[in-house]
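Computed from heavy atoms alone, side chains included, the values below leave out hydrogens, waters and symmetry copies.
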Amino acid sequence: MWEFSINLQSDKGELASSIFNILRKQLSPLKAIVARSEEGSYISVVIAVERALRPEAEVILLRTITLAICQSFKSDFLDRHLHLPNQDEIGVTAFKKALINFDKETDYFLISKALNFNEFLFLESFYQFKLTKLRDKWGELIRLANENRDYLVSSEAFFDLLKFLIDNLDICKDEIDVLEDEQGYYICEEGQKSAPLSSSALVSSLIDLSPQKINMYYKSENRATDLLKLIFDRRITFLSDKEESTIEFKNLNFLSK
């Protein structure tokens with residue numbers, strides 16, 4: 001058996017749980033053992049897989065580790081260093097999420113180049129000592145945003161820049177549907193329905209997914225629909241429950257789930 005462990009400081013419990021759940025799901029076809037333990041000031045996520053399946057396991061580990069760094073660590077980095085002018089909360093959330101996803105292919109390359117799969121990885125130490133080029137890249141992007149802070153005081157300029165960032169994200173999905181009911185919003189793709197999302201979580205999720213086309217069935221206009229209409233422009237189609245429409249959703253069976 002080949003074994004590998006990802007170790008995080010104990011204050012990263014939420015991230016450790018996310019890594020554990022992703023690995024447990026994605027490594028299940030390889031019949032891998034995935035365990036989580038906590039001892040002292042560290043949380044460990046340990047995997048064990050047949051040696052012949054190590055290359056496949058490493059691909060999944062690389063994808064999971066890069067995602068953790070580019071989402072969690074980059075978000076913390078932005079929170080510490082990015083100084084945006086006062087804008088509405090949902091707009092600022094969308095702006096940070098767009099920066100997190102901006103040029104992520106280069107982020108992934110820099111991480112993969114520095115990563116090797118020995119017996120264990122201390123994630124914070126790896127980030128701190130091996131990924132200085134990655135943080136320098138993030139810092140340059142933040143410096144440009146901070147230097148133009150006065151320009152971004154204008155809501156029009158702020159959202160023009162936000163739309164530019166969204167337009168330059170890599171397309172990750174072809175087409176998804178979004179539905180709204182009394183519980184919130186749901187993202188639906190390939191016959192699967194997400195948990196209910198708040199307005200802010202919906203905007204963040206759609207930026208992460210970066211779809212080519214969005215079909216959105218909503219009950220009433222609000223700040224979220226206004227923002228989505230602005231930043232996704234022609235990629236989003238709105239369908240109000242007050243309108244007659246002949247557009248058919250491909251997977252309407254999830255409505256009864």
Partner residues of [X] under the side chain to side chain donor-acceptor pair (under 3.5 Å) criterion, sequence neighbours left out:
X: Asp79; answer: Lys96
X: Asn222; answer: Tyr185
X: Asp136; answer: none
X: Asn148; answer: none

Does any pair with a residue in residues 13-24 pass salt bridge (Lys or Arg N to Asp or Glu O under 4.0 Å), and if so which ones, sequence neighbours excluded?
none

Crowded around Glu140 CD? As in, over 12 foreign heavy atoms under 6.0 Å?
yes

Calculate, to the nearest 0.5 Å, the distance between atoms [atom1] and [atom2] belonging to [X] and [Y] respectively.
X: Thr106; Y: Lys104; atom1: OG1; atom2: NZ; value: 12.0 Å
X: Leu82; Y: Leu141; atom1: CG; atom2: CG; value: 8.5 Å
X: Leu110; Y: Thr66; atom1: CG; atom2: OG1; value: 11.5 Å
X: Ile214; Y: Phe232; atom1: CD1; atom2: CZ; value: 4.5 Å

Quick one: does [X]'s side chain get under 4.5 Å of [Y]'s, heavy atoms only?
X: Met216; Y: Leu202; result: yes
X: Gln9; Y: Tyr42; result: yes
X: Leu67; Y: Tyr108; result: yes
X: Glu38; Y: Ser10; result: yes
X: Leu197; Y: Ser205; result: yes

Under 3.5 Å donor-acceptor pairs involving side-chain atoms of residues 68-78, not counting sequence neighbours:
| unit_1 | atom_1 | unit_2 | atom_2 | d |
| --- | --- | --- | --- | --- |
| Gln71 | OE1 | Lys97 | NZ | 3.4 |
| Lys74 | NZ | Leu99 | O | 2.9 |
| Lys74 | NZ | Ile100 | O | 3.2 |
| Lys74 | NZ | Asp107 | OD2 | 3.1 |
| Asp76 | OD2 | Lys12 | NZ | 3.1 |

According to a 4.5 Å side-chain heavy-atom criterion applied to Ile, Leu, Val, Met, Phe, Trp and Tyr, with indirect links allowed, do [X] and [Y] form part of one hydrophobic cluster?
X: Tyr151; Y: Leu84; value: yes
X: Ile19; Y: Ile22; value: no
X: Phe109; Y: Phe126; value: yes
X: Leu239; Y: Tyr186; value: no

Could I get the full list of ring-ring contact (aromatic ring centres under 6.0 Å, His included) partners for Phe120, not counting sequence neighbours?
Phe122

Answer yes or no: is there a donor N or O on one side and an acceptor on the other, between the side chain of [X] and the main chain of [Y], under 3.5 Å?
X: Ser210; Y: Ile207; value: no
X: Asn146; Y: His81; value: yes
X: Glu189; Y: Ile176; value: no

Scan the side chains in residues 43-62 for donor-acceptor partners under 3.5 Å anywhere in the protein, sequence neighbours excluded, and list what turns up.
| unit_1 | atom_1 | unit_2 | atom_2 | d |
| --- | --- | --- | --- | --- |
| Ser44 | OG | Asn7 | OD1 | 2.6 |
| Arg54 | NE | Glu58 | OE2 | 2.7 |
| Arg54 | NH2 | Glu58 | OE2 | 3.2 |
| Arg54 | NH2 | Phe117 | O | 2.9 |

Under the rule for salt bridge (charged side-chain N to carboxylate O under 4.0 Å, His left out), what residues qualify as partners of Glu147, not counting sequence neighbours?
Arg143

Sequence neighbours excluded, every pair satisfying side-chain hydrogen bond (donor to acceptor under 3.5 Å, both in side chains) that has a member inside residues 121-130
none

Quick note, ring-ring contact (aromatic ring centres under 6.0 Å, His included) partners involving residues 5-26, not counting sequence neighbours, are none

May I have the list of side-chain donor-acceptor pairs in residues 158-172 shorter than 3.5 Å, sequence neighbours left out?
| unit_1 | atom_1 | unit_2 | atom_2 | d |
| --- | --- | --- | --- | --- |
| Lys163 | NZ | Asp167 | OD2 | 2.8 |
| Asn168 | ND2 | Phe164 | O | 2.7 |

